[in-house]
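What follows is a short report on a single structure.
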Amino acid sequence: MQKQTAFAIRHGLWNDEQQDAARRIARRIDDGEIETVRLSFADQHGLLRGKTLVANEANNAMANGCGVTSTLLAKDTSHRTVFPVFTAGGGFGMEEMQGAADVIMIADPTTFKILPWAPKTGWVLCDLYFADGRPVPFSTRQLCRDVLQRLDTQGHALFAGLEVEFHVYRMKDPHLDLGDAGQPAAPPEVTLLNQGYNYLTEIRHDQAHEVIELLRATCAGLDLPLRTMECEYGPSQIEFTFQPGLGLASADLMVLFRSAVKQVCRRHGFHATFMCRPRIQSTMSSGWHLHQSLIDKRTGNNAFVPASGELLSATGQQYLAGLLEHAQGSAALSTPTINGYRRYRPYSLAPDRANWGRDNRGVMMRTLGGPGDNATRIENRAGEPAANPYLYVASQVISGLDGLTRKLKPGPSADTPYEADAPRLPHSLSEALDFLDRDTCLREGLGNGFVDYFIHIKREEIARFNLDVTAWEQREYFDLF
């Protein structure tokens, strides 16, 4: 009997590089270097989900697929299914996702890693497909890849670097008693690694050295291109920065980095969170600053470097203008949690309006570099570290492409950013979703179906929030009235 061609080959899902990478993984499995492999995909929130397979099964599943329930794409941040999956079309208007049917994970073998904290455990990032080889339209990694392909047809490639702030605490009580279970469960009780407001002091860095070194070694073990490790402004707050990468690389890096940090910290008695502003006394908000430029594929040069005089080339200015034009609509993608909007405060190190300036940390879009500087770039300071990396990156490219297509102008720089005459960023996730809903460019770039899907999930999240009695309400009204 003739052997059937693997799913990934039959449907043209792997290129030559991916096939070569799959063969190298198979040899490592055959040599006994790997005993289990985690097949993972990034869901709509940028969280990794998937299955762990014994090595021999993983070898076959990477190319032929591993089924996972499509309801994973129907969940909000509490892991509640918010679509009527057992009705006609499953709430998605798609027969393929009706009845909690399976979708298929197909590995991207070029993303394979051996996890340094889990003995003989491999890890590989996957994309989602239907049984006939079509990509699942709610798979955000595939969506981002498609957007980057449109940029490629314009002769450019995205070059992006990450600057990520987050908090790490000592675990005091993980709250694993029976009564702590819930949806969501009770959050852990924590204590500080160090006190805050000693920005970049060596003493505070040394107090956090145990965790910082643990995470540095983890990044090295995963071959992540780490640049710097810093003790940030607030208590228990850390910042890691990474060398820039092309295309999907930075988004893939962020997904793996966040998951690795949380896993490794938990194993060593710490709690790491990429929540923007934890409800802990004297805390500082965390941001995710996305540095971006375009590479001219014909010359290999940074297309943002100006010949002379200007801060950015004409290409860079148009791309910047596109980012500003769609800043309000893209906010729901760069800041997709209710909590993230606690950060947009005037006279802080976070923006409150859609403006730009040269090396100014109060603006939304900070431009760096200039004539002769190959590192010339735009830094978007509006994102939160909990954002889905694929949607954050895709929103930037769609917006920037619109600026290039329409040859938009960014207008004057904002030297006093919190007094500038510029559109205000949304004050809440609900307002941000309204802007996204009305942004025809982002709708066209992401697809109407995806935007409606994303907005539905987020509005369900907001509805749960609005039904909850908060600590503020209790404190404000319980005794007064």
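Checking side-chain atoms of N388 against main-chain N and O of Q44 turns up a donor-acceptor pair under 3.5 Å. Of the possible polar contacts, none joining the D127 side chain to the S139 backbone as a donor-acceptor pair under 3.5 Å is found. Looking only at distances, a side-chain donor or acceptor of D76 sits under 3.5 Å from a matching main-chain atom of S78. In terms of modelled atom types and a separation under 3.5 Å, the side chain of D180 and the main chain of D177 share a donor-acceptor contact. Within the 3.5 Å criterion, the main-chain N or O of G155 finds no donor-acceptor partner in the side chain of K297. Checking side-chain atoms of H167 against main-chain N and O of M284 turns up a donor-acceptor pair under 3.5 Å. Of the possible donor and acceptor atoms, one in the side chain of Q98 sits under 3.5 Å from a partner among the backbone N and O of G89. Under a 3.5 Å cut-off, the side chain of N355 and the backbone N or O of P417 do form a donor-acceptor pair. With hydrogens and angles ignored, the 3.5 Å screen pairs no side-chain donor or acceptor of T36 with any backbone N or O of T121. Looking at T283, its side chain never comes within 3.5 Å of a backbone N or O of Q281 through a donor-acceptor pair.
Counted within 6.0 Å of CZ on R150, heavy atoms from surrounding residues, nucleotides or ligands total more than 12; the atom is thus considered enclosed. Within 6.0 Å of atom CD in E444, 12 or fewer heavy atoms from other residues, nucleotides or ligands are found, so the atom counts as exposed in its surroundings. Within a 6.0 Å radius of CG in L178, no more than 12 heavy atoms belonging to other residues, nucleotides or ligands are found. When the shell of 6.0 Å around CD of E57 is examined, it contains 12 or fewer heavy atoms from other residues, nucleotides or ligands. Atom CD of Q183 is surrounded by more than 12 heavy atoms from other residues, nucleotides or ligands within 6.0 Å. By the 6.0 Å contact criterion, CG on N15 is enclosed, its count of non-hydrogen atoms from other residues, nucleotides or ligands being greater than 12. Within 6.0 Å of the CG atom in D452, the count of heavy atoms belonging to other residues, nucleotides or ligands exceeds 12.
Taking the six-membered ring for Trp, W288 and Y392 have ring centres closer than 6.0 Å. Here the two rings, on W14 and F7, have centers that are 6.0 Å apart or farther. Ring centroid separation for the pair F159 and F304 does not come in under the 6.0 Å cut-off.
A salt bridge links R134 to E96: at least one charged side-chain nitrogen sits closer than 4.0 Å to a carboxylate oxygen.
Rounded to the nearest 0.5 Å, atoms CD (Q396) and SG (C144) are 10.5 Å apart. Here CZ of R80 is found 11.0 Å from CD of E461. Values are rounded to the nearest 0.5 Å. To the nearest 0.5 Å, atom CG of residue L391 and atom CG of residue L333 are 5.5 Å apart. Note that CZ of R258 is 11.0 Å distant from CG of L253, once rounded to the nearest 0.5 Å. Interatomic distance, CZ of R381 versus CG of L349, reported as 6.0 Å (0.5 Å rounding). Here the CD-CG distance, from Q142 to D146, works out to 4.5 Å after rounding to the nearest 0.5 Å.
The heavy-atom pair separating G122 from I34 by the smallest distance is N-CG2, 3.8 Å. Taking every heavy atom of both residues into account, T111 and L125 meet most closely at OG1-N, 2.9 Å.
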For this session: Decide side chain to side chain contact (heavy atoms under 4.5 Å, CB included) for F166 and L215; before the verdict, give the C-alpha distance in whole Å, the side-chain angles of both, and the deciding distance to 0.1 Å.
Result: CA-CA 12 Å; F166 56 103; L215 298 180; 3.9 Å; yes

Exercise. Given the rule in the salt bridge (Lys or Arg N to Asp or Glu O under 4.0 Å) test, do D402 and R406 qualify, once you have shown the distances and angles that lead to the verdict?
Worked result: CA-CA 6 Å; D402 188 52; R406 295 165 56 197; 2.8 Å; yes

Exercise. Hey, mind stepping through E379 and R377 against salt bridge (Lys or Arg N to Asp or Glu O under 4.0 Å) and telling me if it holds?
Worked result: CA-CA 7 Å; E379 175 193 3; R377 63 197 184 276; over 6 Å; no

For this session: Would you please test H268 and R170 for side-chain hydrogen bond (donor to acceptor under 3.5 Å, both in side chains) and show each step?
Result: CA-CA 9 Å; H268 289 82; R170 293 190 186 277; over 6 Å; no

For this session: Carefully, step by step, assess R38 and V124 under the rule side chain to side chain contact (heavy atoms under 4.5 Å, CB included).
Result: CA-CA 6 Å; R38 298 182 187 177; V124 66; over 6 Å; no

For this session: Could you walk me through whether W123 and L48 pass side chain to side chain contact (heavy atoms under 4.5 Å, CB included), step by step?
Result: CA-CA 11 Å; W123 175 91; L48 287 175; 3.9 Å; yes

Exercise. Could you go step by step and tell me if L290 and L162 meet the side chain to side chain contact (heavy atoms under 4.5 Å, CB included) rule?
Worked result: CA-CA 5 Å; L290 183 63; L162 311 184; 3.8 Å; yes

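Between L442 and S330, some side-chain heavy-atom pair lies under the 4.5 Å cut-off. Using a 4.5 Å heavy-atom threshold, the side chains of K407 and L404 count as separate. The closest side-chain heavy-atom distance from H156 to I295 is not below 4.5 Å. Residues L222 and W117 are in side-chain contact: their nearest non-hydrogen atoms beyond the backbone lie under 4.5 Å apart. With contacts defined as side-chain heavy-atom distances shorter than 4.5 Å, the pair L433/F454 qualifies. At least one side-chain heavy atom of L214 sits under 4.5 Å from a side-chain heavy atom of V264. Annotation: side chain of R353 is not in contact with side chain of P423 (no heavy-atom distance under 4.5 Å). By the 4.5 Å heavy-atom criterion applied to side chains, P109 and Q19 are not counted as neighbours.
Judged by distance alone, the side chains of S286 and Q237 do bring a donor and an acceptor atom under 3.5 Å apart. Defined by atom type and a distance below 3.5 Å, a donor-acceptor pair is present between the side-chain atoms of T110 and D108. Judged by distance alone, the side chains of E384 and S334 never bring a donor and an acceptor atom under 3.5 Å apart. Between the side chains of S430 and S428, no donor-acceptor pair of N or O atoms lies under 3.5 Å. In this model, a donor atom of one side chain and an acceptor atom of the other lie less than 3.5 Å apart for E473 and T470. Using modelled atom types, one finds no donor on one side chain facing an acceptor on the other under 3.5 Å when comparing H291 with R366. Counted by atom type alone, S259 and Q263 present one or more donor-acceptor pairs between their side chains at under 3.5 Å.
Judged as a side chain to side chain contact (heavy atoms under 4.5 Å, CB included), and not counting sequence neighbours, the contacts of R438 are D434, F435. Every residue two or more places apart in sequence or in another chain was checked for a side chain to side chain donor-acceptor pair (under 3.5 Å) with E95, and none qualifies.
Classification of the Y169-H271 ring pair by plane angle, with boundaries at 30° and 60°, yields parallel. Taking the six-membered ring where tryptophan is involved, the planes of F242 and F240 are tilted, since the angle between them lies from 30° to 60°. Relative ring orientation between F83 and Y453 is described as parallel, the plane-to-plane angle staying below 30° on a 0-90° scale split at 30° and 60°.
Only one option out of R345, R277, R343, E165 pairs with S285 in a side-chain hydrogen bond (donor to acceptor under 3.5 Å, both in side chains); it is R277.
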